[in-house]
2 protein chains.
Amino acid sequence: MRRWNGWGEETTVMALPAAGEAFLAERVGPGQRLADASLAQVLDTVPVSRLPAHPLVSVAAEERVRHARGQSLPDWLAMRSGEFGIFPDGVACPETAAQVRELLDWARTHDVVVIPYGGGTSVVGHINPPASARPVLTVSLERLNQLFEIDEDSLLATFGPGANGPQVESQLRAHGYTLGHFPQSWELSTLGGWVASRSSGQQSLRYGRIEQLFAGGTLETFAGPLVIPAFPASAAGPDLRELVLGSEGRFGILSEVKVRITRLAAQEHFYAVFLPDWNQAMQAVRQLVQARVSLSMLRLSGAVETQTQLVLAGQPRPMAWLEKYLALRGAGDGKCMLTFGVTGNRVQNAASLRQARKLLKGFGGVFTGRVLGRKWAEHRFGFPYLRHSLWSAGYVVDTLETATDWSNVDNLLQQVEASLREGLAAEGERVHVFTHLSHAYGEGSSLYTTYVFRPGASYAEALARWQRLKHAASLTIVGQRGTISHQHGVGRDHAAYLPVEKGALGMATLRALSAHFDPQQQLVPGVLIEQS
Amino acid sequence: MRRWNGWGEETTVMALPAAGEAFLAERVGPGQRLADASLAQVLDTVPVSRLPAHPLVSVAAEERVRHARGQSLPDWLAMRSGEFGIFPDGVACPETAAQVRELLDWARTHDVVVIPYGGGTSVVGHINPPASARPVLTVSLERLNQLFEIDEDSLLATFGPGANGPQVESQLRAHGYTLGHFPQSWELSTLGGWVASRSSGQQSLRYGRIEQLFAGGTLETFAGPLVIPAFPASAAGPDLRELVLGSEGRFGILSEVKVRITRLAAQEHFYAVFLPDWNQAMQAVRQLVQARVSLSMLRLSGAVETQTQLVLAGQPRPMAWLEKYLALRGAGDGKCMLTFGVTGNRVQNAASLRQARKLLKGFGGVFTGRVLGRKWAEHRFGFPYLRHSLWSAGYVVDTLETATDWSNVDNLLQQVEASLREGLAAEGERVHVFTHLSHAYGEGSSLYTTYVFRPGASYAEALARWQRLKHAASLTIVGQRGTISHQHGVGRDHAAYLPVEKGALGMATLRALSAHFDPQQQLVPGVLIEQS
């Protein structure tokens with residue numbers, strides 16, 4: 001069963017090796033454990049629903065608990081402490097597009113606030129019910145998860161929006177296809193959620209972001225259905241798909257999603273290369289993408305992340321040997337690990353690998369083959385489970401991300417890391433911070449930063465620490481020409497920072513669109529656009 | 001000097017070979033010549049301007065004539081007959097973004113209709129002044145044509161919106177870069193026009209459409225400036241670039257455009273392959289793109305276009321030998337010519353060429369090397385000049401285009417061609433029709449259809465014939481799951497057909513955006529969104 005107060009299946013555990021705990025203790029101090037609430041305690045706090053009865057709506061307390069929070073750090077603290085604060089008044093799980101429509105019409109009649117819910121994996125507060133005088137209905141799309149149609153000539157597949165990663169891939173793989181969209185949340189997050197939040201997968205270098213994969217579909221809105229036909233390309237006015245992408249539920253609920261698919265590749269391999277220092281490594285990655293070498297995935301860990309990963313691998317003996325070997329070849333202290341993938345037919349892959357190795361060698365890269373690449377692939381969706389082990393050991397972990405142009409990548413990275421590393425200095429706390437680049441483009445790159453700190457003596461203290469860190473980093477990002485999000489979206493946690501990049505008229509445009517599609521402001525108020 | 005009543009430089013001529021004229025006479029009958037008006041005659045018809053005086057605004061008659069019409073067939077007939085109908089009341093050529101702003105503010109004060117004007121190359125009526133009780137000002141961006149900045153790390157260049165194709169490329173090439181955007185109108189059309197109309201270049205397979213190249217910039221609107229910063233990618237809400245792309249001047253005037261550029265490739269070659277029949281050829285092209293073979297350009301001519309091109313090449317002897325050779329190798333009657341390009345470094349190009357040849361051979365393709373490819377490259381911007389030669393010979397030529405999914409490409413092609421071929425049957429006229437696919441995607445392809453017919457006895461008859469053909473083909477396109485435009489845009493000529501693909505709510509959304517950015521409806525009323 002899925003955890004009610006954390007990530008993934010209850011039976012799945014990603015252990016923290018002993019060396020990892022020692023490593024952290026040395027860097028931020030010994031862990032500080034806080035007591036968890038039980039589900040029974042939380043169920044007792046669920047208030048009576050304010051919703052009128054509807055055959056599709058459940059007002060059962062556990063349903064409401066399980067749909068009240070996502071996976072942001074404030075969500076985590078709320079779930080572990082048991083102080084949820086706000087619950088939806090009910091949860092509906094429509095099984096057809098017609099039922100989605102019916103629920104919207106009913107919500108209109110009864111002045112109900114509506115929260116579209118995919119996999120509940122948002123890390124920025126997309127699905128949290130707002131404090132509202134109106135009753136709140138969460139519409140979970142989990143039962144709208146089928147593959148309805150494949151057009152094999154056109155490589156198009158039509159899905160229900162609630163299909164999660166495994167449901168998308170298993171239904172496509174049965175026919176020999178893949179969507180190729182693998183965000184870290186893939187086990188739980190859904191196609192509709194990916195579209196609504198402009199998700200990016202680990203292999204976007206080959207398959208594109210969800211923007212490139214989303215071909216059309218239907219958005220049910222309070223102003224009626226927005227039906228977007230699929231075309232390979234069109235010059236017929238502004239592209240309405242782009243209003244749905246990133247709309248984060250503010251404009252409507254997706255009831256059908258068409259995506260571009262790819263035939264399963266004959267071959268796929270991941271490799272690891274170590275580069276002697278950050279500057280060499282960053283230049284190498286930039287040149288790889290700008291030379292259009294046909295790779296399917298790139299992830300460049302900074303020196304601290306590289307070191308942290310080698311410790312967390314939990315195999316001290318072979319890792320020590322690896323480090324000796326690397327040092328001998330010129331990649332010692334300060335070395336950075338680059339993982340990259342090739343996906344395609346044998347001939348294409350061999351050519352890409354040859355080009356990549358040659359270019360990386362020019363930057364002092366030490367090629368180590370597939371072992372670490374395979375390890376990355378095995379654990380590619382495992383990171384979110386690590387929050388549990390770190391929490392049990394008395395540490396809080398969170399991540400944040402941005403993207404910027406190559407000429408600004410290093411500056412932004414240094415400033416974001418500094419804002420976090422020194423973010424709790426006033427209270428004498430240290431923060432362990434590390435970063436990787438995981439989505440590289442000709443123009444620039446994403447930056448994905450992980451930070452680990454101690455919660456302090458109480459949940460309130462932990463939340464306050466997180467708020468200070470998050471605010472400092474977010475201000476740094478938008479103040480230094482980064483986007484407030486490359487892949488997590490805006491939600492509630494980033495909404496205050498969005499106006500810096502959208503500008504006054506840009507924000508007014510989003511508000512005008514929201515008023516157009518949702519005149520009574522019933523759809524996730526406060527998400528994307530802050531309430532004035 | 002640029003022609004006032006047709007395409008391009010007065011000194012550039014693309015002659016119609018004698019065999020070409022005979023070929024057409026056989027297919028649609030002997031040419032019917034109509035008399036052209038002189039510039040002096042047209043200047044006499046320009047009315048007094050209704051605009052108040054402004055230092056940036058010229059009300060000179062010739063300026064107004066030269067900015068009154070684009071390059072659609074109705075424009076052509078208006079220019080040749082001298083019956084322009086409507087002229088702008090004045091033309092302004094701002095030299096700075098501040099002057100663009102100033103002109104908008106002035107237009108607001110004096111209730112002036114504003115037409116943003118790039119290269120004047122629209123083939124669907126984007127820049128035609130509407131009949132209006134308000135005075136009409138055309139804002140030509142031709143003097144805002146500089147390269148302002150290059151960020152070589154991030155491969156970003158910032159231009160004035162009025163830079164035309166040669167200005168863009170020459171300024172970039174001086175630094176070793178290319179934009180790689182080569183629409184057929186490249187000699188005259190502008191960066192701002194490409195963005196506003198969602199243009200696609202001949203090498204979009206490598207460089208992407210203008211959607212992929214447009215990284216950000218500033219749109220001056222009646223609601224203030226919309227400033228869009230450049231990011232390599234972002235999940236921070238709907239992408240506002242996508243509202244500018246395809247806005248066709250309805251939302252504002254671009255005053256600065258940032259684009260993604262590419263280092264000049266070491267090598268570029270174009271090749272021609274002949275395939276035995278249309279079905280084999282179409283499957284081959286589909287598989288080439290779906291297998292992600294790294295080509296920079298693809299153009300597949302149908303059998304009639306192939307035959308027409310070989311005649312128009314004007315070299316009967318070598319072409320006859322070529323046809324004999326092809327027939328011997330299995331590509332006889334019904335053969336289809338595929339031109340494709342490879343662009344990159346030598347190693348990449350060799351690998352791509354090898355893959356392409358192997359795949360094409362499997363479909364019976366006969367490879368003929370670079371001669372015809374080089375010919376294509378030499379004449380790649382020449383086609384618009386051919387309208388002059390055909391007109392002199394007594395024929396009218398026009399083109400139209402669409403895109404659809406692969407499962408529908410053949411159906412749509414057959415139906416569009418039939419609607420044109422039989423479009424004048426009621427009056428006993430034949431139409432010569434042929435098609436190529438020039439932008440292939442994993443999902444589908446563009447279809448570009450050329451049609452030649454006789455004008456009849458008068459300009460009025462010629463226009464009526466065109467209207468019948470255009471209407472029949474447009475209804476067929478939107479009725480058969482094609483987009484009303486893959487690359488030309490909507491303008492005035494396609495506006496009536498747009499609601500079929502955008503839907504009622506989609507059109508209402510475009511109207512809401514137009515009202516948001518332009519409350520008094522001063523920007524090109526009637527373009528994109530029909531006036532109700």
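Throughout, protein chains are lettered first and strands after them, A, B, ... in sequence-line order, and every chain is numbered starting at 1.
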S.K.: Output yes when a side-chain donor or acceptor of R209(A) lies under 3.5 Å from a complementary backbone atom of S234(B), and no otherwise.
M.R.: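 Checked: pair present.
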S.K.: Do R292(B) and T262(A) have side-chain atoms, one donor and one acceptor, less than 3.5 Å apart?
M.R.: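 Note: R292(B) and T262(A) side chains meet the donor-acceptor criterion.
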S.K.: Which one wins on heavy-atom pair count under 4.5 Å against chain A: P225(B), A515(B), A196(B)?
M.R.: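 Ranked by contacts with chain A, first place is P225(B).
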S.K.: Let me know if A403(B) has heavy atoms under 4.5 Å from chain A in its side chain, its backbone, both or neither.
M.R.: both
S.K.: Give, as side chain, backbone, both or neither, the part of A291(B) having an atom under 4.5 angstrom from any heavy atom of chain A.
M.R.: backbone
S.K.: With a 4.5 angstrom heavy-atom cut-off, which part of E211(B) approaches chain A: side chain, backbone, both or neither?
M.R.: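 Only the side chain of E211(B) comes within 4.5 Å of chain A.
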S.K.: Please look at L226(B) and chain A and tell me whether the side chain, the backbone, both or neither of the residue comes under 4.5 angstrom of a heavy atom of that chain.
M.R.: both
S.K.: First locate atom CG of L155(B), then atom OH of Y441(A), and finally report the distance between them rounded to the nearest 0.5 Å.
M.R.: 15.5 Å
S.K.: Which residue in the set L245(A), D239(A), L240(A) passes side chain to side chain contact (heavy atoms under 4.5 Å, CB included) when paired with E242(B)?
M.R.: D239(A)
S.K.: As an exercise: rank A351(A), A230(A), G224(A), S200(A) by heavy-atom pairs under 4.5 Å with chain B and give me the winner.
M.R.: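 Max contact count across the listed options: A230(A).
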S.K.: Counting heavy-atom pairs closer than 4.5 Å to chain A, which one of S446(B), A508(B), S197(B), S199(B) comes out on top?
M.R.: A508(B)
S.K.: Specify the closest pair of heavy atoms between F231(A) and R481(B), including all atoms of both residues, with the distance to one decimal.
M.R.: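 Nearest pair, atom of F231(A) first, then R481(B): CE2-O, 3.6 Å.
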S.K.: When you measure from the side chain of S154(A) to the backbone of S407(B), do you find a donor-acceptor pair of N or O atoms at a distance under 3.5 Å?
M.R.: yes
S.K.: Quick check on I529(A) against chain B: is it the side chain, the backbone, both or neither that has a heavy atom closer than 4.5 Å?
M.R.: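 No part of it gets close to chain B.
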S.K.: Highest number of heavy-atom pairs under 4.5 Å with chain B: which of S485(A), A504(A), G444(A)?
M.R.: S485(A)
S.K.: Do you know which two heavy atoms are closest between P238(B) and G246(A), and how far apart they sit?
M.R.: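 Closest approach of P238(B) to G246(A): CD-O, 3.2 Å.
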S.K.: For T483(B) and A236(A), which heavy atoms make the closest approach, and how far apart are they?
M.R.: OG1-CB, 3.7 Å
S.K.: What closest approach, in Å, do V490(A) and G237(B) show between heavy atoms, and which atom pair accounts for it?
M.R.: CG2-N, 3.8 Å
S.K.: What part of L243(B) is in contact with chain A, defined as an atom under 4.5 angstrom from a non-hydrogen atom: side chain, backbone, both or neither?
M.R.: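 For L243(B), backbone and side chain are both near chain A.
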S.K.: Which atoms of L513(B) are under 4.5 Å from chain A, going by heavy atoms: the side chain, the backbone, both sets, or neither?
M.R.: side chain
S.K.: For the candidates G503(A), P229(A), A233(A), A512(A), which exhibits the highest count of non-hydrogen atom pairs separated by less than 4.5 Å from chain B?
M.R.: A233(A)
S.K.: Mind ranking E248(A), H494(A), Q487(A), K502(A) by heavy-atom pairs under 4.5 Å with chain B and telling me who comes out on top?
M.R.: K502(A)
S.K.: Starting at OG1 of T509(B), measure out to CZ of F251(A) and round the result to the nearest 0.5 Å.
M.R.: 9.5 Å
S.K.: More than 12 foreign heavy atoms under 6.0 Å from CZ of R101(B): is that the case here?
M.R.: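 Atom CZ in R101(B) is packed in, count exceeds 12.
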S.K.: Spell out, as yes or no, whether a donor-acceptor pair under 3.5 Å connects the side chain of Q355(B) to the backbone of Q348(A).
M.R.: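 No.
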S.K.: Just give me the residue among A495(B), G491(B), G442(B) that pairs up with chain A most often, heavy atom to heavy atom, under 4.5 Å.
M.R.: G442(B)
S.K.: Measuring heavy-atom distances to chain A, does D151(B) have an atom under 4.5 Å in its side chain, in its backbone, in both, or in neither?
M.R.: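 Just its side chain gets close to chain A.
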S.K.: With a 4.5 angstrom heavy-atom cut-off, could you sort out which part of L510(A) is near chain B: side chain, backbone, both or neither?
M.R.: side chain
S.K.: Counting only non-hydrogen atoms closer than 4.5 Å, does Y497(B) touch chain A with its backbone (N, CA, C, O), its side chain (CB onward), both, or neither?
M.R.: neither
S.K.: Out of L156(A), V124(A), L528(A), return the one with the most heavy atom pairs under 4.5 angstrom to chain B.
M.R.: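 Maximum pair count with chain B is reached by L156(A).
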S.K.: Among R260(B), H439(B), E501(B), single out the residue with the greatest number of heavy-atom pairs under 4.5 Å to chain A.
M.R.: E501(B)
S.K.: Identify which of H488(A), R250(A), R263(A) forms the greatest number of heavy-atom pairs closer than 4.5 Å to chain B.
M.R.: R263(A)
S.K.: Give a yes or no on whether the backbone of D153(B) and the side-chain of Q290(A) come within a donor-acceptor separation of less than 3.5 Å.
M.R.: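 Confirmed, Q290(A) side chain pairs with D153(B) backbone.
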